[in-house]
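Just follow the structure's listing: the first ligand is 1, and inside any ligand the first atom is 1. All values below were derived from every heavy atom in this structure, side-chain atoms included, with hydrogens, water molecules and symmetry-related copies excluded.
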Amino acid sequence: MLDPALIADLRAARRIVVFTGAGMSAESGIPTFRERLTGLWAQVDPMEIATPWAFRADPQRVWDWHVHLAEAVRAARPNAGHEAIAALEQAGLDVTVITQNVDALHHRAGSRAVVELHGNLLRLKSFVDEEAAFAAASPTICRACDGYAVWESCDPYADRSDLAAIELRAGAVPRCPGCGALLRPDVVWFGEPLAVEAIEAAWNAVDRCDVLFAVGASLEVEPAASLPWRALARGARVIEVNPSPTELVGQCHAGIRGGAAEVLPELFGIIWPSR
Ligand code: OAD
């Protein structure tokens, strides 16, 4: 599978990053986004379903689409690839997972050091209309959702546990129990920035790593897509695992063609046979 000299380098690595995209969860039954026939974006234009403008125009349609995806996520189980990554961390290696996935399957497999670049589908937050909140005389921060809210219309007794009790399920779009704002999944839509803490944590891990595995990512969406290239530029060993290699494969140290659930347990077994 790999050149012996490269295996020796990988084995000597002190800090490992596993950077994952939708292909990581494909074998768990969650569709990817850009595959020509089966990808989610082959069925619907993301601009109509995954932007703040789409939500403002038709919150129910955007909510209903995410409910569908949430059902797939709830039905999914971590696959052998997620488990192999978690096992490395549990064996004492310094592993950081940086994922674009919003399905929390890395957490469910037992990984603890996980940076969720694009958020978490099953967590909700409020859709804050900042213009309206600041137009009011005394905007405040809602105690339930942490969003800007109009002080006079906020319930002072609502707190975060009231919000946490609401789930992404079929039905009318729910509202924040504190300020009444519409709720939405806590994911990054097109046209929205990544959380500063998430991208900083990712840069930190990438800048310190000796090896980065890029697994199941098309590398089409920035700023996440630049992370493997950043690791390469910093001198880390970079290995791609993907049944359809990206342009990274021409520049990185090895490309392994195959599915994550099939390749990762075997690959890690070769690199770290005693773990
Ligand atoms: P894509 O759908 O763009 O790419 C999925 C990648 O997974 C492709 O390169 C496939 O070849 C590969 N793949 C398919 N099956 C695989 C398997 N079994 N094992 C390993 N790889 C496999 O998904 P992402 O790159 O994750 O953004 O897309 C990036 C972002 O675009 C997503 O996070 C999402 C989307 O819009 C947000 O939700 C904000």
Side-chain angles (χ1 to χ4, degrees), residues 18-55 62 65-66 68-70 72-73 76-85 97-106 109 114-123 125 168 184-195 198-199 202 212-229 239-250 252 254-268:
V18 186
F19 169 75
T20 66
M24 180 77 231
S25 299
E27 286 145 289
S28 292
I30 302 176
T32 59
F33 293 94
R34 289 183 182 73
E35 278 170 289
R36 230 174 322 138
L37 297 177
T38 55
L40 293 168
W41 299 155
Q43 284 137 43
V44 63
D45 179 352
M47 296 303 131
E48 289 176 15
I49 224 67
T51 68
W53 308 286
F55 188 82
V62 171
W65 185 86
H66 286 82
H68 243 70
L69 189 56
V73 165
R77 297 278 167 273
N79 64 48
H82 296 104
E83 283 161 5
I85 297 166
V97 176
I98 302 173
T99 189
Q100 298 168 90
N101 299 343
V102 296
D103 55 29
L105 287 182
H106 286 295
V114 181
V115 179
E116 291 179 314
L117 283 178
H118 292 167
N120 184 320
L121 182 71
L122 300 182
R123 196 172 56 219
K125 66 177 183 180
L168 179 52
R184 53 161 284 185
D186 190 359
V187 297
V188 177
W189 284 331
F190 290 98
E192 294 184 315
L194 271 55
I199 193 66
L212 179 146
F213 296 94
V215 184
S218 64
L219 305 183
E220 301 240 356
V221 176
E222 294 290 357
S226 63
L227 293 173
W229 298 100
I239 316 292
E240 179 170 76
V241 176
N242 197 317
S244 310
T246 69
E247 63 189 85
L248 179 68
V249 83
C252 70
I256 301 168
R257 208 179 264 260
E262 172 204 341
V263 169
L264 293 182
E266 191 187 344
L267 175 64
F268 294 161

| Do Pro223 and Ile199 come close enough that some side-chain heavy atom pair is under 4.5 Å? |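 Answer yes - side chains close enough.
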Does [X] approach ligand 1 within less than 4.0 angstrom via side chain, backbone, both or neither, non-hydrogen atoms only?
{"X": "Trp189", "answer": "neither"}
{"X": "His118", "answer": "side chain"}
{"X": "Val221", "answer": "side chain"}

Shortest heavy-atom approach to [atom] - which of [options]:
{"atom": "atom 4 (O) of ligand 1", "options": "Ala225, Ser218, Ala214", "value": "Ser218"}
{"atom": "atom 5 (C) of ligand 1", "options": "Gly21, Pro185, Gly216", "value": "Gly216"}
{"atom": "atom 28 (O) of ligand 1", "options": "Arg34, Gln100, Glu240", "value": "Arg34"}

| field | Aromatic contact, His66 with Trp189 (centres under 6.0 Å) | value |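 They qualify: ring centres under 6.0 Å apart.
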Subset of ligand 1 atoms that lie under 4.0 Å from at least one heavy atom of [X]:
{"X": "Phe190", "result": "36 (O)"}
{"X": "Glu27", "result": "17 (C), 18 (N), 19 (N)"}
{"X": "Gly259", "result": "17 (C), 18 (N), 19 (N)"}

Tell me the protein heavy atom at minimum distance from [atom], and give that distance in Å.
{"atom": "atom 34 (C) of ligand 1", "result": "Phe33 CE1, 3.5 Å"}
{"atom": "atom 26 (O) of ligand 1", "result": "Ala22 N, 2.7 Å"}
{"atom": "atom 12 (C) of ligand 1", "result": "Asn242 OD1, 3.3 Å"}

| query | If we ignore angles and hydrogens, is there a donor and acceptor under 3.5 Å between the side chains of Glu35 and Thr38? | reply |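 There is no such pair between these side chains.
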| task | Using only heavy-atom distances, determine whether the side chains of Thr20 and Gln100 contain a donor-acceptor pair under 3.5 Å. | result |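 Gln100 and Thr20 do not have a side-chain donor-acceptor pair below 3.5 Å.
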